[in-house]
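Each chain gets a letter, A, B and so on, in the order the sequences are listed, and its residues count up from 1.
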2 protein chains.
Amino acid sequence: MSQQRNGQAAGVSDGGVFPDLPEATVARLPEYLRALHHLAETGFETVSSEGLAAAAGVNSAKLRKDLSHLGSYGTRGVGYDVALLIAQIEHVLGLTQRRAVALVGVGNLGHALAGYGGFSTRGFRIAALFDADPDRIGERINGLVVKDIARLPEVVAAEAISIALIATPAHAAQLVADQLVAAGVTSILNFAPCVLSVPDGVDVRKVDLAIELQILSFHEHRKSALTTLPAPAGNGRMKIRPTLNGEALAT
Amino acid sequence: MSQQRNGQAAGVSDGGVFPDLPEATVARLPEYLRALHHLAETGFETVSSEGLAAAAGVNSAKLRKDLSHLGSYGTRGVGYDVALLIAQIEHVLGLTQRRAVALVGVGNLGHALAGYGGFSTRGFRIAALFDADPDRIGERINGLVVKDIARLPEVVAAEAISIALIATPAHAAQLVADQLVAAGVTSILNFAPCVLSVPDGVDVRKVDLAIELQILSFHEHRKSALTTLPAPAGNGRMKIRPTLNGEALAT
DNA sequence: GTGAGTTTGTGCAAACGTTCACAAACGCCT
DNA sequence: AGGCGTTTGTGAACGTTTGCACAAACTCAC
Ligand SMILES: NC(=O)c1ccc[n+]([C@@H]2O[C@H](COP(=O)([O-])OP(=O)(O)OC[C@H]3O[C@@H](n4cnc5c(N)ncnc54)[C@H](O)[C@@H]3O)[C@@H](O)[C@H]2O)c1
Ligand SMILES: NC(=O)c1ccc[n+]([C@@H]2O[C@H](COP(=O)([O-])OP(=O)(O)OC[C@H]3O[C@@H](n4cnc5c(N)ncnc54)[C@H](O)[C@@H]3O)[C@@H](O)[C@H]2O)c1
């Protein structure tokens with residue numbers, strides 16, 4: 001990337017779109033953003049790559065390389081301006097507009113999601129709830145009325161919804177995905193434990209808790225096998241807590 | 001890895017521990033396992049790498065390389081024996097014993113997790129629920145009574161719990177993690193949007209829905225910027241549905 | 001203005017992960 | 001028994017990601 005005068009960054013002229021931002025970087029930007037918001041609330045105006053990296057749980061060199069892809073927003077000898085970096089990352093992630101999200105499947109998990117405040121504080125607005133069960137349709141949750149899934153096309157268009165969450169049983173998820181795509185949704189976050197098939201141009205991400213647990217189980221298995229013979233290693237030794245801006249944390 | 005006679009695989013002699021299984025492979029094994037269980041229920045006795053890869057949503061070469069790390073369990077010209085492969089992957093993941101899991105924070109999300117049947121069908125047993133709120137302690141959910149978090153050490157030891165889920169607010173998560181570690185838990189699945197600091201030897205995985213949505217938001221942003229000028233591309237063209245064993249799916 | 005101290009941005013090499021492509025191995029049919 | 005179509009297991013090429021290490025750029029004190 002060519003040198004930039006301070007202030008103006010690469011990519012701003014084309015609407016903040018970074019076509020070849022590495023995927024690994026994209027996946028970490030939200031974590032930086034969360035850490036930055038926390039720092040801003042705590043009163044920090046600037047933060048070093050070391051401090052932000054610690055707060056986000058990553059290596060500082062990695063963080064600097066990630067941020068360098070967005071342009072040159074740091075000041076050598078000082079660090080990054082927290083407010084500026086928040087604005088820049090939100091811009092890159094497309095969070096300048098609050099995005100409307102639909103939730104399909106208002107069961108056990110769906111109720112928790114519908115009542116979750118963490119979406120609205122981080123750039124999203126749950127704009128509609130859908131279910132296929134007549135007993136559920138009409139129920140009011142958190143100020144929203146559960147709608148019949150048949151009304152998807154109409155509501156998706158009216159509310160300009162482009163992102164949807166699927167929280168139905170796995171056997172219904174592909175059908176729901178097809179309906180979502182037909183209605184114009186182009187990004188899906190799937191909680192059902194199954195693989196979804198979608199057209200090109202539609203993004204799917206998956207959250208499968210059992211998979212997470214099984215990965216942990218593997219490491220448990222490995223750990224317990226290792227502690228049979230060698231020394232139990234440093235049990236009780238803590239890693240260094242993240243320190244912000246190089247200062248030690250109070251308390 | 002050296003050539004193996006059929007049947008006996010590498011690693012069986014040392015308790016099924018594969019110290020240097022690539023992390024990316026470990027993360028995919030649970031997905032293969034889920035797909036295999038689905039195939040087994042559907043009546044398949046064998047499956048080709050192509051068929052299993054489609055069912056798991058990955059490239060077949062990647063799948064073969066992943067499975068080759070476990071030893072030689074396929075038959076050339078035929079494919080993999082479904083039941084055998086299930087047993088082998090469960091063995092590697094340490095799922096031969098049903099693992100006891102603790103859940104801390106029985107709020108909005110915690111209730112959904114406590115009532116989720118997907119854990120027990122995939123190798124885990126929710127063995128205890130904890131909360132700090134006196135109003136919540138004593139509540140009965142799905143046959144389990146919510147216990148005071150102060151009783152963690154006692155219950156973790158009694159139930160042989162090594163894995164815990166944290167579903168408390170973010171500001172309490174680090175404290176809870178410290179208590180869990182002190183009680184002997186060595187794997188944590190964290191739902192709170194924050195970075196946890198734990199000693200060496202303790203594994204932490206994180207599920208942050210807002211991060212998932214923000215990654216989707218980035219791609220939405222990118223997509224909408226691209227559709228301003230160039231042709232809208234093949235809208236409506238579906239990817240090929242996963243076909244099992246090379247046969248077309250009925251329906 | 002100068003020097004000392006700090007911190008960014010990045011070139012580079014190593015580690016890691018993915019995909020191709022094909023020989024070897026197998027079942028099956030004749 | 002032998003040939004044929006199929007499928008695995010893996011070497012090798014390629015792409016991506018990580019982490020080190022350091023010059024360049026900046027602040028601040030005097
Ligand atoms: N409950 C959890 O904590 C949890 C955790 C992880 C994953 N999941 C997964 O999330 C999904 C939902 O879990 P749950 O526990 O909420 O199940 P649930 O049965 O309580 O709820 C499913 C809801 O989906 C609705 N539904 C079914 N078919 C539909 C269709 N075609 N269109 C629209 N709505 C439809 C049902 O009416 C019901 O309200 C499942 O796939 C589950 O595996 C749940
Ligand atoms: N609700 C959702 O769908 C959802 C989705 C994603 C992430 N999350 C995250 O999951 C966490 C829980 O969310 P929620 O909506 O269930 O919140 P909640 O406030 O409804 O529940 C939190 C529970 O944790 C308990 N708690 C607080 N401090 C505790 C402590 N020190 N020890 C033990 N228990 C303690 C509280 O008593 C309460 O019961 C939050 O961090 C939230 O950001 C929730």
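- Distance alone, capped at 3.5 Å, is enough to place a donor-acceptor pair between the B:H69 side chain and the B:K65 backbone.
- The side chain of B:R28 contributes an N or O atom lying less than 4.0 Å from OP1 or OP2 of C:dT18.
- The distance between atom CG of B:D66 and atom C1' of C:dT18, rounded to the nearest whole Å, is 10 Å.
- Atom CZ in A:R64 sits about 16 Å away from atom P in D:dA25, given to the nearest Å.
- Across the protein-nucleic acid pair, A:L70 atom CG and C:dT10 atom P stand 12 Å apart, rounded to whole Å.
- In this structure, B:L85 places its CG atom 14 Å from C1' of D:dG9, rounding to the nearest Å.
- Atoms CD (A:E23) and C1' (C:dG17) sit 15 Å apart, rounded to a whole Å.
- Here C:dC20 is the nucleotide among C:dC20, C:dT18, D:dT27 with the atom lying nearest to any side-chain atom of B:A61.
- Here B:S49 reaches the OP1 or OP2 of D:dT8: one of its side-chain N or O atoms lies under 4.0 Å away.
- With rounding to whole Å, B:L63 atom CG is found 12 Å from D:dT7 atom C1'.
- B:Y80 has a side-chain polar atom (N or O) that falls below the 4.0 Å cut-off from OP1 or OP2 of D:dG9.
- Residue side chain B:R76 reaches the base of D:dT8 through a donor-acceptor N/O pair under 3.5 Å, judged by distance alone.
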### Message
One pair to check against side-chain contact (heavy atoms from CB on, under 4.5 Å): B:L95 and B:I89. What are the steps and the verdict?
### Response
CA-CA 8 Å; B:L95 300 173; B:I89 292 180; over 6 Å; no
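- Of the N and O atoms on the side chains of A:E220 and B:T186, at least one donor lies less than 3.5 Å from an acceptor on the other residue.
- A:S48 has no side-chain polar atom (N or O) that falls below the 4.0 Å cut-off from OP1 or OP2 of C:dT7.
- Protein atom CG of A:D81 is 16 Å distant from nucleotide atom P of C:dT7, rounded to whole Å.
- Rounded to whole Å, the distance from NZ on A:K65 to P on D:dA21 is 14 Å.
- Of the side-chain N and O atoms in A:T75, none sit less than 4.0 angstrom from OP1 or OP2 of C:dT8.
- Counting only N and O atoms by type, the side chains of A:D66 and A:Y32 include a donor and acceptor under 3.5 Å apart.
- Side-chain atoms of B:E23 and A:H219 include a donor-acceptor pair closer than 3.5 Å.
- Close to C:dG17, at under 4.0 Å from its OP1 or OP2, lies no side-chain N or O of B:N59.
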